4 protein chains.
Amino acid sequence: MEFAESKAIYLQIAEFIEEKILAGDWPADERIPSVRDLAASLGVNYNTVVRTYEFLQQQEVIFNRRGLGYFVGLEAQERVRQRQREEFTHKIIPELFRKMELLSFSLEDISALYKNK
Amino acid sequence: MEFAESKAIYLQIAEFIEEKILAGDWPADERIPSVRDLAASLGVNYNTVVRTYEFLQQQEVIFNRRGLGYFVGLEAQERVRQRQREEFTHKIIPELFRKMELLSFSLEDISALYKNK
Amino acid sequence: MEFAESKAIYLQIAEFIEEKILAGDWPADERIPSVRDLAASLGVNYNTVVRTYEFLQQQEVIFNRRGLGYFVGLEAQERVRQRQREEFTHKIIPELFRKMELLSFSLEDISALYKNK
Amino acid sequence: MEFAESKAIYLQIAEFIEEKILAGDWPADERIPSVRDLAASLGVNYNTVVRTYEFLQQQEVIFNRRGLGYFVGLEAQERVRQRQREEFTHKIIPELFRKMELLSFSLEDISALYKNK
DNA sequence: GTGGTCTAGACCACC
DNA sequence: GTGGTCTAGACCACA
């Protein structure tokens, strides 16, 4: 996996996992890769994945069963979906509209880009 | 001014200035606030504004007249506008569409939000 | 049974058993549940209960009759009682008093709580 | 500083700091030692203190001013006090009373210990 | 100077 | 096997 420089790696891994859950690839209550396995497959340090998992656990997206590993939270998909939709409508979209005006993009321009994507 | 935690303050100040220029509030060749004044009015450290001005100067958005202060570059508005439109269509918009799919937002949803804003 | 996160599960099970013995529910020389049964009824791993029993055996609280199972030690109740009273007066109580001062609880506050419990 | 084996060092440092705040030694909005300084004076690793500070920040006990350091939260003393009093009355005290009954300690025994401490 | 992050590697308790 | 913690040391962005 490639990582952007602008953001902490452990947060990029968290986003990667949230997308897996959002897309339904990792269903509720299912075990996710062990810290060591994920670290190895992403080519990052063990402690970096530890940080990701601690972060997601604190967000109640995943949880730990002692000695067994981490599992997808029972309401994780819905929780992530709602949090992200909330952020989308209240932060991303207003910022988008602000930029559109500033840069003279119309809704039609966006539509055209959407159809050609 | 309030600053987000996720981004460097000096870059948020740079955006703030670019928007002033884009909107035509600060026309070409006009003097912009001194480092000390801007730092005071934004409530940030002097060095932080120095960094912003160095950054914008290096981007050829502003320039320095020794002993007089910083001024808006002659082609600044157009330069900023083109760079931002470029970034908008090639980075912001694709990312927007990706999120829309992940979160089940349609183009109609965006239109509706646009009309109600 | 619910387990606290702050302490090892096998130790929490050991406390559970010691309380049974202290309260007289499990008298001396009486057989206690098999490892498998207890593990099943508590919803924990077999090895975890094995560890509890080994721990309690080493503390001379329970003992093993080969092929028959584990039994409550002959002097277990008195032994557990003395060890816990010792710990109570020399560790729990001093720590209690320290917290009381820090949090402005008086002995009267404790008495009041005791009467209303 | 001496650390117990039974608990993570970073949490023991967090308790140490909370007691400083509770006792009024570190007032609201006052800067606390830098990560490096505290690590050096406690004889622990830099990262261990980083963990403590992240933990306390997440608990809203301290907060960060970028480039300046960590500061005691504005309502920190009251917040810590309330959280600990809550824990005291609802966890420590009930557990105390349970143990008292199990070990045949009376309220008078506790009083006597308190007066002789 | 400040904190934030990452790597490398170790030891431990636990299941 | 699993995660949890700690050390050591490095580099970076930031004020």
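Source: prediction; values computed, not measured. Each chain gets a letter, A, B and so on, in the order the sequences are listed, and its residues count up from 1.
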Query - Of B:Thr48, B:Val49, B:Val50, the residue whose pairing with B:Tyr46 passes side-chain contact (heavy atoms from CB on, under 4.5 Å) - result: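 Considering B:Thr48, B:Val49, B:Val50, a side-chain contact (heavy atoms from CB on, under 4.5 Å) with B:Tyr46 is found only for B:Val50.
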Query raised in the report: Of C:Leu11 and D:Glu54, whose nearest nucleotide on DNA chain E comes first from the 5' end?
Result: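 Counting from the 5' end, the first nearest nucleotide belongs to D:Glu54.
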Report task. For C:Lys7 and for A:Tyr10, locate the closest nucleotide of DNA chain E by heavy-atom distance; then report the residue assigned to the nucleotide nearer the 5' terminus. Result ->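 Counting from the 5' end, the first nearest nucleotide belongs to A:Tyr10.
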Whole Å only: how far is the [atom1] atom of [X] from the [atom2] atom of [N]?
X       : N      : atom1 : atom2 : value
D:Arg65 : E:dG4  : CZ    : C1'   : 19 Å
D:Arg51 : F:dT5  : CZ    : C1'   : 6 Å
A:Tyr70 : F:dG3  : OH    : P     : 7 Å
C:Leu42 : E:dC15 : CG    : P     : 12 Å
A:Asn64 : E:dC15 : CG    : C1'   : 11 Å
B:Asn45 : F:dA13 : CG    : P     : 18 Å
A:Phe55 : E:dT5  : CZ    : C1'   : 15 Å
D:Ile9  : E:dC11 : CD1   : C1'   : 13 Å

Query raised in the report: Is A:Arg36 side chain donor-acceptor paired with the F:dG3 base, going by distance under 3.5 Å alone?
Result: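 Counting by modelled atom types and ignoring angles, a donor-acceptor contact under 3.5 Å is found here.
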**Report entry** E:dG4 base / D:Tyr46 side chain donor-acceptor hit below 3.5 Å
**Finding:**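 Counting by modelled atom types and ignoring angles, a donor-acceptor contact under 3.5 Å is found here.
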Query - Sugar-phosphate only, base, or nothing, as touched by C:Asn47 at under 4.0 Å among non-hydrogen atoms - result: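 Result for C:Asn47 = nothing.
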Query - Presence of D:Arg66 side-chain N/O under 4.0 Å of E:dG4 phosphate oxygens OP1/OP2 - result: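 False: D:Arg66 side-chain N/O out of range (4.0 Å or more) of E:dG4 OP1/OP2.
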Query raised in the report: Between D:Thr48 and F:dT7, does any side-chain N or O lie under 4.0 Å from OP1 or OP2?
Result: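 Yes.
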**Report entry** Over 12 foreign heavy atoms within 6.0 Å of CZ, A:Arg83
**Finding:**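 Enclosed.
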Query raised in the report: Does a sphere of radius 6.0 Å around CZ in C:Arg36 hold more than 12 heavy atoms from other residues, nucleotides or ligands, not counting ones at 6.0 Å or beyond?
Result: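 No, because the 6.0 Å sphere around CZ of C:Arg36 holds 12 heavy atoms or fewer from other groups.
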Requested in this report: Report yes or no: does D:Gln12 contribute a side-chain atom to a donor-acceptor pair with the main-chain N or O of D:Ala4 at less than 3.5 Å?
Outcome: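 Yes: the side chain of D:Gln12 pairs with the backbone of D:Ala4.
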Query - Exercise: do D:Gln84 and D:Glu18 side chains pair donor with acceptor under 3.5 Å - result: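 Yes.
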Query - E:dC14 - base-pair partner by Watson-Crick or wobble geometry, distances under 3.5 Å - result: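 Because both required distances fall under 3.5 Å, E:dC14 counts as paired with F:dG1.
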Query raised in the report: Which nucleotide, in any strand shown, forms a Watson-Crick or G-U wobble pair with E:dG9, with both distances under 3.5 Å?
Result: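 Across any shown strand, E:dG9 pairs with F:dC6.
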**Report entry** D:Ala8 side chain, from C-beta outward: closest of F:dT5, F:dA15, E:dT5
**Finding:**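 So the nucleotide nearest the side chain must be F:dT5.
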